[in-house]
Every structure is written in C-alpha cells, then in structure tokens.
Asks: 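There's a structure below that I have some questions on.
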There are 2 protein chains.
Amino acid sequence: MAVTIKDVAKLANVAPSTVSRVIANSPRISEKTKQKVREAMEQLSYHPNFIARSLASQSTQTIGLVMPSATDVVFQNPFFPTVLRGLSEGAHEKQYGLYMTTGKTDEEIYDGVVQMVQGGRVDGVVLLYSKVEDKILTYLQSQDIPFVVIGKPFKNVEEITHVDNDNFRATKEVTEYLIGLGHDHIAFVGGNLNFVVTIERLLGYEKALRDHHIPLNNDYIVHEQFLKEGGQEAVRELLSLSTPPTALVVADDLMALGVLNTLDEMGIVVPEDISIVSFNNVLLSEMSRPPLTSVDINIFDLGYEAAKSLIQMIKNPKEPTKRIIIPYELIKRYTCSHPNIERTVQV
Amino acid sequence: MAVTIKDVAKLANVAPSTVSRVIANSPRISEKTKQKVREAMEQLSYHPNFIARSLASQSTQTIGLVMPSATDVVFQNPFFPTVLRGLSEGAHEKQYGLYMTTGKTDEEIYDGVVQMVQGGRVDGVVLLYSKVEDKILTYLQSQDIPFVVIGKPFKNVEEITHVDNDNFRATKEVTEYLIGLGHDHIAFVGGNLNFVVTIERLLGYEKALRDHHIPLNNDYIVHEQFLKEGGQEAVRELLSLSTPPTALVVADDLMALGVLNTLDEMGIVVPEDISIVSFNNVLLSEMSRPPLTSVDINIFDLGYEAAKSLIQMIKNPKEPTKRIIIPYELIKRYTCSHPNIERTVQV
DNA sequence: TTGTACGCGTTATCAT
DNA sequence: ATGATAACGCGTACAA
C-alpha cells in the first residue's frame, strides 16, 4: 500500500488534517509546522492520491476530450496532433490532465462520453469537432457540465462557448484573392458536409463569387472526404467539364495534396494551368510540389484557447458563454498565379 | 448532487450493498431483486461514480499514455494519431479509458508521469516511444506499476514488455532489396539517434552491406530530424559527394517526402536517377510524387497490441514479460528501380 | 440471498 | 494554529 497522508501525519506528529492543509498551503498553518510536515513528506516520498482527492473535493482536475470516430478518415488528419498539443499545453499550465474517449461507431463514442461525464471522471469536456447533427452536443447541453466546442456549432451559436476561426470570412477572402488574380472560373472542393467547417467555407466561397457578380455553377462545387482519394475523384470530375475551372479552393491541405497528385498525373501544371489555395497550413503543405498556398488557421491556438476557456468555466460556473475567434493568415507559396488563357486545358 | 447508489437502494427497497452487487452482476443476487434494482437505476438514470469506485476498488480502469515532448518534431508525425487509434481501440474493448500526459520539456513530462503513477490516476502506462537514455523508463521500472513500451528498449530488453517491429531485419531486407536491384552505392538517411528505432534501422542497413561485401562509407550515413528540413539538408550533403549514392534508405516517410522535394528542386528524377525506400507507410506515402516505396510497419497494431498486453499485465500481475513483434511488409510503389549508370548525376 | 459496517485517502466543518 | 470527525460514493468481509 502506498504512503498516505496518515503516515506523513504520524511521522510529523500532527493530525492528518494538518497535512492536508499543508498540501493546500493553507495560510492558517505556521511556517514551522509546514516545514516539519514537508520534511516528513519528503522523507516518505509522499504523493497525494488523486482519486481520493477527487472524491473528497468533487473535482478531478481533468478535461475530457471527444474526438471524431477513430475510423473516420478525418482522424488521420494532421490537424489532430496539433490541436492536441494546444489542448495539452493549455491544460498543463493549469495543472489539468487530459482524458480521452474515442470509439469506432458514433454510438460507442456517445456511450463513452456519457460514462465520463456521469461517472464524474472529468470536470469539463471539449468537443474537438463540430458536426451538423450531433447527439453528443445535445447531450452535453442537457447536462450541466462545462464544455467548449472547437469549431462553430451548427445551431444555438449564442449559447455555446466555442473556439473557431472565421472560416466564412477566410474563404471569402481567399476566393477574392483568386478573383483579384484574374480568375473567374473558380471551383470549390470541400470535405464532408456534415462538418460545419465545410459549410462555412462553402458559404464564404459563394459569397465572394456573388459579391463579384460571378455566376455560381453547381458543377464547380464538389464534396468529398478530406483525404486523398477524395481529392483525386474531385479533380477528374472537375476537369472533365466542358469549361474546366482555372482555380480551385480546396478545403483541406491533405485533400489539396491529392489534387496536386492527380493534376500531375494528368500532366496539368500548377500554378500555370490551374491555381490552388487550401486550408490549415499543416506541415506538409510546404512539402508538396509545388508548396501549397494555404490558410494558416493556427490549429495550436484553437486547442490552447479551448483548454484555457474551459478551465475558466470550470472554475467559475457563472462564466458567460463566449465565442473565441482565432486569427488566420494566408500563407502565399507557389500554387497561385494569374490565369493563363493560352495554356487553358481542355480534357 | 448526482444520484448515488443510496438513492437507488432506497427506491428499490434494498441495501446499498445490494445495488453494488447488482452493478457487479454478482451471481449471489436473485434475478427478481436484480430486476427491481435495475428498474430503479433506469428510473433515476443512475450512473456509477467512477471516482468512488476507483477509490474503493483501488483500480481506475484507465491507462496512462506517455508521449514524447509535444514540442518535438516527432510529435507532428502521422505515426501518433495512428498508434493512438490502436491504443484507443485496444483499451476500449476492455472498457479502459485513456489518460494523457505531455509537456514541453522532458522535465515536465517526467513530473506528469510521476503524478499520474503515484497519484494513482492510472492502472498502467504505455510509453509511446523508446529513447536511448530515458529517466521515465528508469522511473517506471523502479515502481511496480505495469507498463509496456512501444519500440525496443535500449537496455534490459528481456525485462521489459514491449511491442515492436523487427526494425533491424526490416531495414536489412529493404537494403538487400536495393542491392538486388543492382545498387551498391546506398546511403542511409536516419532520424534522431536518441530514438532506438533509428539505431536499429541503421544497424540493419549496415548488416546488409557487410553481408554483401559492400564497403561501409561514413559519408553515406546522415542523421537528421524526422522532418522536412532534415531531409533537405541530408540530400544536399549526400549529392555533393564525389560519388553520390544511387539509392537511399530513409528512416521515415515524412523525411522521405522532404528528400523527394529537394531532389525535384535539383532536377534529379526518382527513381531513374536515384532510388528511395522509406518506412512507416503513412497515408501520405502514397500521395507523394512519385508514390513512395515504403515499409508498412502496421502502426495501428503496435498500439492495439500494446494496450491489450498492458491490460493483461494489469489483470494478472504475474504475467511474464513479453516481447511482441508486429509484422511488417514492404509496399512497392514507384521510387525504386535499377541503377542507371548513364544518368548518374554529378553535382 | 441480503444487510451491516467499515475502509479507500482525501477535504471540509466544527471545535478547541 | 491545530485536532477530531464527518462526509465523498462505492466495494466487500462478515454477519444474519
């Protein structure tokens, strides 16, 4: 059996409650006693039992993390290690730990969340994604446990604390950047429409076109998964159009990488034949050929701020709901140029 | 206050201990009583309190995860989401949860591990990496908490349960594959030598050369970080040699991607001018130009088996130490060919 | 088959 | 400034 507060008390000749107060560094204990107790702790190499502490204080000092289905392709996205890093750092700074649930099916994940919330394993929860219809979000709202979502909630935006980028504006600006370059045949390659971020980006794209009186063309809007295969199919569809686009807004770097490959296979050169902008600016966006022009959404900060504001909510239950918008920045690399009429390809 | 076992007991007209037994599905309770109690639980929507349960039973049903420093480039490697997925699935199947620690410095991580172990937050630990000198590993051995490491321990291999690939053999085979293709100027581009996996792969490479009486050349061995910048520098160094290699064994896909880029920039074509094999076969290895010939090490299984055997150790403290070797497979894609004397480049 | 009573290691309340 | 003592919610030996 491990050494407990009682052992320390005995050795230091004080009551267990005194030891407890020393741990909490209560000002009502004399320096002399504190010293004595600390020495005893040192000597026995005492470490407080978190479980017992949690039970007594009704707080676990840990944050629950809800990921999308582990089998989902999205999970493979380098986005996650990075948010995790931010989350981890934000939590660590305030001495909070991280508890994870995942699962293969949505049902499994849901059960996991219920367990950890009702089971009192965590003091709060962060949802690492935002989907259109989400049982888990609904559940979280029905309990009175603090939680924050990373991404924009599909509904009740005003009532849910969340950390997000202004994806609408970002995509609008990026599209306008292409328009400014002279493009007027711009396509949108989006991911899974169940994720709110896809919707926001699509809306931003459409808004830009409308503002500049460029007709929307349904054939120019393709939705696929965030990953490779998606990108490939999307490109083939797009380029088999009678008038193929001269520029692409791609919702994710990984997908853009797939696009780049397909293009290369087809002998189409970027950016001379077709321009591309994408999102997230993950590590490999600078490792592609050519390096991707991509919107840096500061993934780390998304996680970091989520952790920080969740902890605030935990500590102060009356904390108002907040919306935290993380800035973004277009990183211009080598996938965008003026449209080149001469080289326009017909497939 | 949440609904407890007592509330259920009251409603069902039984003692709290009976409820507890129903939860544990004790055979000593009559079906009738079980039914009655379960109805009461349902009605009150009771959920057992994990913390209290943990305290009473002295087991948390959670596994602690130790990652490398979050700031380390390695953390960005797609390797991690994938092991995490395996770990998660293995744990989930046995109803275990996952608790994470990370930190910016090694010191922070170390403290985190001590907290979670001594604090009794977890029943066991899995080390997600294997380094040459590791305070954390030493600490874990000094405690009597079950733990398993993913990768090969640097020393005391026989005494530490671990899950690994046979990286030595894999690299040897892969090098022989290149030799079989006709290459005899083969370089090795490895990652951080503090990671045991790097060492193993280097050793396998050297062994292959020796077995085939190809002289080892120190200039042909380059160590850099696993990531991009590393790859680039390595390539420049290598190709500035008087007789540059015609083939490269690269220790990691991400790094190989960097290599590919630099080569492309230098106008060197793969595989005609130089052949490349790499490791891990992460998603983007098929997304590169050309798609990478890479050793699939079954990352998911690494995590899955680690979780499974850790849980066995937790349940059965007398479980012998084990070494679990996960198979690998060379996935041949388009970065290897016979050496082409004609096209050999001099830089 | 079920109930009683105590312990798990803390924190918190109330005395002193 | 410090010490008893009662929770916290559950598991379990022992009793009935």
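So that the names make sense, note that chain A is the first sequence line, chain B the second, and so on, each numbered from 1.
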Asks: Please determine if B/E93 and B/K308 form a salt bridge, counting it only when a charged side-chain N lies under 4.0 Å from a carboxylate O.
Replies: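 Judged by the 4.0 Å cut-off on N to carboxylate O distance, B/E93 and B/K308 do not form a salt bridge.
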Asks: Heavy-atom nearest nucleotide on DNA chain C for A/A24 versus B/R21: which residue maps closer to 5'?
Replies: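 Whichever sits nearer the 5' end wins; that is B/R21.
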Asks: For B/R28 and B/S57, find the nucleotide of DNA chain C closest to each by heavy atoms; which residue's nucleotide sits nearer the 5' end?
Replies: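 Its nearest nucleotide being more 5', the pick is B/R28.
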Asks: Categorize B/F50 for me: base, sugar-phosphate, or nothing, with a 4.0 angstrom heavy-atom threshold over every strand shown.
Replies: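 Since no nucleic acid heavy atom lies under 4.0 Å of B/F50, the category is nothing.
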Asks: Considering only heavy atoms and no angle criterion, is a donor-acceptor pair shorter than 3.5 Å present between the side chain of B/S17 and the base of C/dT4?
Replies: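 Donor-acceptor pair under 3.5 Å: yes.
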Asks: When you check the phosphate oxygens OP1 and OP2 of C/dT1, does a side-chain N or O of B/S30 lie under 4.0 Å from one of them?
Replies: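 Indeed not, no polar side-chain atom of B/S30 lies that close.
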Asks: Are B/R85 and B/F300 in a cation-pi setup, meaning NZ or CZ lies under 6.0 angstrom from the ring centre and within 45 degrees of the ring axis?
Replies: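 No, B/R85 does not sit over the ring of B/F300.
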Asks: Within the structure shown, what part of the strands sits under 4.0 Å from B/S20 by heavy-atom distance: base, sugar-phosphate, or nothing?
Replies: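 Base: the residue B/S20, judged by heavy atoms under 4.0 Å, touches a nucleobase.
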Asks: Verify the contact: side-chain N or O of B/Q58 to OP1 or OP2 of D/dC10, cut-off strictly under 4.0 Å; return yes or no.
Replies: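 Checking B/Q58 against D/dC10: no side-chain N or O falls below 4.0 Å of OP1 or OP2.
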Asks: If you look at every strand shown and take non-hydrogen atoms under 4.0 Å, does B/L55 touch a base, only sugar-phosphate, or nothing?
Replies: base
Asks: Compare every heavy atom of A/D7 with every heavy atom of A/A2, then report the nearest pair and how far apart it is.
Replies: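 Between these two residues, the closest heavy atoms are O-OD2, 4.1 Å.
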Asks: Under 4.0 Å: is that the gap between some side-chain N or O of B/S54 and OP1 or OP2 of D/dC10?
Replies: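 Result: no.
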Asks: Hey, are A/K131 and A/D106 close enough for a salt bridge, meaning a charged N less than 4.0 Å from a carboxylate O?
Replies: yes
